[in-house]
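Notes for the one structure printed next.
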Amino acid sequence: VMFPYPSGDLHIGHWYNFGPADVHARYMRMKGRNVLFPIGFDAFGLPAENAAMKRSNLHPSDWTQNNIKTMTVQLEHMGAMYDWDRVVDTSNPSYYKWTQWMFIQLYKKGLAYKTMAPANWCPQCQTVLANEQAENGVCWRCGSEVTRKDINQWFFKITAYAEELLDGLRELDWPEKTKLMQKNWIGKSVGARINFTWKQEILPVFTTRPDTIFGVTFMAIAPEHPLVPSMTTKDQKKVVEEYVQVSRKETETERLSTDREKTGVFTGSYAKNPINGKEIPIYVADYVLQSYGYGVVMGVPAHDQRDYDFAKKYDLPIVEVVSGGDSKKEAWEGEGKLVNSGEFTGFTSVDGRKKIIAFIEKKKIGNAEINYRIRDWLVSRQRYWGAPIPMIHCKTCGWVPVPESDLPVLLPRISDFQPTGTEKGPLVKSKEFVETSCPTCGGKAERETDTMDTFVDSSWYFLRYPNSNLSEAAFDEKEMKYWLPVDMYVGGAEHTVLHLLYSRFFTKALRDMGYLSFDEPFRALRHQGIILGPDRQKMSKSRGNVINPDELVENFGTDTVRTYLCFMSQYDQGGPWDPQGISGSYRFLGRVYMYFENRKYSSGLEEKDVERLLHKTIKKVGDDMASFKFNTAVASLMEFLNLIVKRNITKETARTYFLLLAPFAPHLAEELWKNAGGQFSVHTKMWPEYDEKKLQEGEKELVIQVNGKLRDTLQVKVGLTKEQAQKIASLSERVKAHIQGKKIRKVIYIPDTLINLVTED
RNA sequence: GCCGAGGUGGCGGAACUGGCAGACGCGUAGGUCUCAAAAACCUAUGGGACUAACAUCCCGUGAGGGUUCGAUCCCCUCCUUCGGCACCA
């Protein structure tokens, strides 16, 4: 399971994640697998600081450790088969030592770098955020509006793996939806770079539609583009500078909203189209993003709606070069025949694309190119409660990694950990921390004061579980080979473009460094849904609709809570919490207990129908477990009880039933198992096998339809021929009434299931 | 705007991916037990028509069309809810 953040309280969402996952893990163990079911704590992060700031005498570390203690007790109440010897705590120096080690490995590989870049800045949390964490221009933690700020920041080069991250998705047993979201996030675009020119300067653009190059009527350049000042002519200087100023002040949300009008201003300069030598005006326009492609767009109004809108507003020519649309009304973005395109006229746009790329490559004015939307991962944070970035800055040597023998770089326990509000983190206030010597030249040097994004900690924690107590290395090769990659990963869908993407990047990078022999961290992935409050709203303290699992355990017992969580809904769907619903599971387990307590079992062979349903139940529960359909698995266990409740069964049948029950209600099952003379423990016994032969029935219910409408059902022997079945069907009084005086035109027969008599008209 | 997943009784949800719609559970109603209640147990429970009753018939899976002997399932149009992305050239 995805390890929890130690917020202090295990809520029902944790239970929903961990409970059914434990059911699955127990099932896999009974199927004979050696199951490692670990747990840990994602212990660094902002809430600890925020909580500590509210109470003056509290340190983030103490807050976190207290919470871990509380949550450990709560987790134990779940009756999960956790291996408590392997608990991982990312805020423990014995763990973050290796997080720092990883940083250094990435740095050495050229996959970590520091650069000045406009970053997402959260004014509330007073730190920068990764793109993935600035959701719709809003901080993922506190919901504040994110602003842009130029800061010198550390990045991981996740873009180096864009293609592989995309490609690897195909192999994964993950929900299609999740894979698709990652795919969209990576955002591959196939196209070309084309070098336009301005004076002596090359002005490259990226386009997915090189076939429309003859339709370019203007250029649009991002306001932040470095060439903007020099491009701007004297008469345009004032308007351009004003425009750039305004767009700089805008928040991300304003800037990115798609439904507002496109704006821009003319720079006064003209670019040259390399394919036909035409001079076209260059505009500064804020719909062009500096961070994608080259920050310059070739404007083709006839075949791009955005360019069309822009051209309409500023009265720029619209030249149609692909047939199929009506350029008087809107841009035609589909395919068609090339027109007005010089020697390429007449080709289809698809062929034209290839021809034009070949042409520009030959003329050396461009080349085929692929672009991705994903950006490098910004990992530095100007906060206290995180793993210090293990880098030292020396005036003469530049950035130097801390020697591995000096790891970990301990996070000093300081009381003044409030954010500084500047681009330096709170660690800057600790002289002892900052001042150090350069590992290379020995001169005076300063430590990096930023800490790492907590998502760095969680990007590799699963690699630590097989050897979480190892002190001399991050992981042990033999243990890793045995346990990893993760066979089944269960957690929320909200981490799709965060943790689940970062972990894949880490895995691939470590593989390339020779530490791992696999490419993907999580072979299979399942999401649990979200449990809503009884009012169908998202649970929140302020709404007062929060369900407290501790109370439920107190009132109904762990087994009931586990069983109900499995039963209440389709696992990946979640849904509103029904306060009365849980009594159904409570009654069910109560009935199970009442039935089996002091039972005198029948001797001899089991009755046929009981035996048949037992085998059906073994099959059903097993199949459902494998596919995470816990709700119908529980339902079939209930069904079986409903059949036997007024009858007697053999001890063998009972013991088989306990095995099926064991993953859901581990405590009750153990008790019943013991009372029925079973050896400790029911949980280490093998999952029962069903017998295909015993599933088969000698008689079946045959559905009889007339013209597709159900008219009767009859018990018949299996294996009837069509003719026999028709004969039997025709004897039914109900059927007779509907076929009387009519000719049978056609008979549809599905053996042992259904017969449909089709009459004339 | 684009992409994706849904819409089934009073409620949560089932239904071999074309073959008995509503499994299982909650709730509700009636009953048993009880001085009474709670708990527990039993019975019924999609809507409607006609029945004294059994039976029988009709309608019914967001709406409308289509394909098919037969559609919750496939196709078209539309409505709607929820997730994701959001000027990516």
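Candidate nucleotides B/rA89, B/rA14, B/rC26 were compared by shortest atom distance to the side chain of A/S583, and B/rC26 ranks first. For A/L180, the listed nucleotide lying nearest its side chain is B/rC3; candidates were B/rC26, B/rG12, B/rC3. Checking B/rG13, B/rG25, B/rC69 against the side-chain heavy atoms of A/S569 singles out B/rG13 as nearest. In this structure, of B/rC24, B/rA21, B/rC11, it is B/rA21 that holds the atom nearest to the side chain of A/L710. Distances were taken from every side-chain heavy atom of A/D578 (C-beta onward) to each of B/rG84, B/rA89, B/rC26; the shortest belongs to B/rC26. Taking only side-chain atoms of A/S189, from C-beta outward, the nucleotide of B/rC24, B/rA89, B/rC26 with the closest atom is B/rA89. Ranking B/rC20, B/rG13, B/rG12 by closeness to the A/E701 side chain, first place goes to B/rC20. The listed nucleotides are B/rC58, B/rA14, B/rA89; the one nearest the side chain of A/V297 is B/rA89. Of all nucleotides listed (B/rC3, B/rU43, B/rG13), B/rG13 comes nearest to the side chain of A/N631. The listed nucleotides are B/rC11, B/rG25, B/rA23; the one nearest the side chain of A/R536 is B/rC11.
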Practice item. Please step through ring-ring contact (aromatic ring centres under 6.0 Å, His included) for the pair A/F567 and A/F630, ending with a clear verdict. Key: CA-CA 6 Å; A/F567 182 67; A/F630 305 111; over 10 Å; no
Practice item. Assess whether salt bridge (charged side-chain N to carboxylate O under 4.0 Å, His left out) is satisfied between A/D691 and A/K619, documenting all intermediate values. Key: CA-CA 9 Å; A/D691 185 343; A/K619 179 168 161 48; over 6 Å; no
Practice item. Might you work through the side-chain contact (heavy atoms from CB on, under 4.5 Å) test for A/I280 and A/V216, ending with a clear yes or no? Key: CA-CA 8 Å; A/I280 44 178; A/V216 178; 3.4 Å; yes
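Nearest-nucleotide mapping onto RNA chain B: of A/M298 and A/V634, the residue sitting toward the 5' end is A/V634. Toward the 5' end of RNA chain B, the nearer of the two residues A/S585 and A/Y294, judged by each one's closest nucleotide, is A/S585.
Put simply, CG on A/L714 is 12 Å from C1' on B/rC20, counting in whole angstrom units. Atom CG of A/N707 and atom P of B/rC69 are 11 Å apart (whole Å). Atoms CZ (A/F664) and C1' (B/rG25) sit 15 Å apart, rounded to a whole Å. Rounded to whole Å, the distance from NE2 on A/H527 to P on B/rG84 is 12 Å. If you take CD1 of A/I186 and C1' of B/rC3, they are 16 Å apart, rounded to a whole angstrom. Regarding A/D286, its CG atom lies at a distance of 11 Å from the P atom of B/rC87, rounded to whole Å. A/N184 places its CG atom 18 Å from the P atom of B/rG83, with the value rounded to the nearest Å. To the nearest angstrom, P of B/rC87 lies 17 Å from NZ of A/K313.
Summarising the base pairing, B/rC85 is matched to B/rG1 through a Watson-Crick or G-U wobble pair whose two defining distances lie under 3.5 Å. Remark: B/rA29 base-pairs with B/rU43; criterion is Watson-Crick or G-U wobble with both hydrogen-bond distances under 3.5 Å. The nucleotide B/rC57 finds its pairing partner in B/rG48, both defining distances of the Watson-Crick or G-U wobble pair being shorter than 3.5 Å. Searching all strands for a Watson-Crick or G-U wobble partner of B/rU8 with both distances below 3.5 Å returns nothing. As the counterpart of B/rU17, no nucleotide is assigned, since no Watson-Crick or G-U wobble pattern has both distances under 3.5 Å. Across all strands shown, B/rC35 forms no Watson-Crick or G-U wobble pair with both key distances under 3.5 Å. Of all nucleotides present, only B/rC76 satisfies the Watson-Crick or G-U wobble test against B/rG64, with each distance under 3.5 Å.
Ring pair A/F218/A/F310: centre-to-centre distance below 6.0 Å.
A/N642 comes within contact range of the sugar-phosphate backbone alone, with a heavy-atom separation under 4.0 Å but no base atom that close. Residue-level contact check: A/G529 touches neither bases nor backbone, having no heavy atom under 4.0 Å from any strand.
B/rA36 and B/rC58 have their P atoms separated by 48 Å, given to the nearest Å. Of the P atoms belonging to B/rC54 and B/rC69, the separation is 38 Å, rounded to the nearest Å. On the P atoms, B/rC16 is 14 Å away from B/rA21, given to the nearest whole Å. On the C1' atoms, B/rA29 is 22 Å away from B/rG13, given to the nearest whole Å. As rounded to the nearest Å, B/rC50 and B/rU61 have P atoms that lie 23 Å from one another. B/rU80 and B/rG62 have their P atoms separated by 16 Å, with the value rounded to a whole Å. Here the separation of B/rC24 from B/rA15, taken at their C1' atoms, is 12 Å to the nearest Å. For the P atom pair drawn from B/rG25 and B/rA14, the interatomic distance equals 15 Å after rounding to whole Å.
Of the side-chain N and O atoms in A/R373, none sit less than 4.0 angstrom from OP1 or OP2 of B/rA86. One finds no side-chain N or O of A/N756 lying less than 4.0 angstrom from the OP1 or OP2 phosphate oxygen of B/rU68. Contact check, A/K746 against B/rC69: a side-chain N or O comes under 4.0 Å of OP1 or OP2. For B/rC41, one of the phosphate oxygens OP1 or OP2 lies less than 4.0 angstrom from a side-chain nitrogen or oxygen of A/R591. Put simply, A/R734 has a side-chain N or O that comes within less than 4.0 Å of OP1 or OP2 on B/rU56. Distances shorter than 4.0 Å separate some side-chain N or O of A/H738 from OP1 or OP2 on B/rC57. Regarding contacts with the backbone of B/rA14, a side-chain N or O of A/Q570 is found under 4.0 angstrom from either OP1 or OP2. The phosphate of B/rC24 (OP1 or OP2) has no side-chain N or O of A/R587 nearer than 4.0 angstrom. For A/R711, no side-chain nitrogen or oxygen approaches OP1 or OP2 of B/rC69 to under 4.0 Å. Within the 4.0 Å cut-off from OP1 or OP2 of B/rU43, at least one side-chain nitrogen or oxygen of A/K646 is found. OP1 or OP2 of B/rA14 has not a single side-chain nitrogen or oxygen of A/K620 nearer than 4.0 Å.
Using a 4.0 Å cut-off between charged side-chain N and carboxylate O, A/R734 and A/D712 make a salt bridge. Salt bridge A/D211/A/R353: present, at least one basic N to carboxylate O contact under 4.0 Å. One finds a salt bridge joining A/E261 and A/K313 here, because a Lys/Arg side-chain nitrogen approaches an Asp/Glu carboxylate oxygen to under 4.0 Å.
Side-chain contact check for A/L754 versus A/N756: some heavy-atom pair is nearer than 4.5 Å.
A donor-acceptor contact closer than 3.5 angstrom links the side chains of A/Q724 and A/T721.
Between the side chain of A/Q705 and the base of B/rG19 there is at least one donor-acceptor pair of N/O atoms closer than 3.5 Å.
B/rG9 shows a glycosidic angle within 90° of 0 and is accordingly assigned syn.
Within the cation-pi definition used here (under 6.0 Å to the ring centroid, within 45° of the axis), A/R193 qualifies as a partner of A/Y294.
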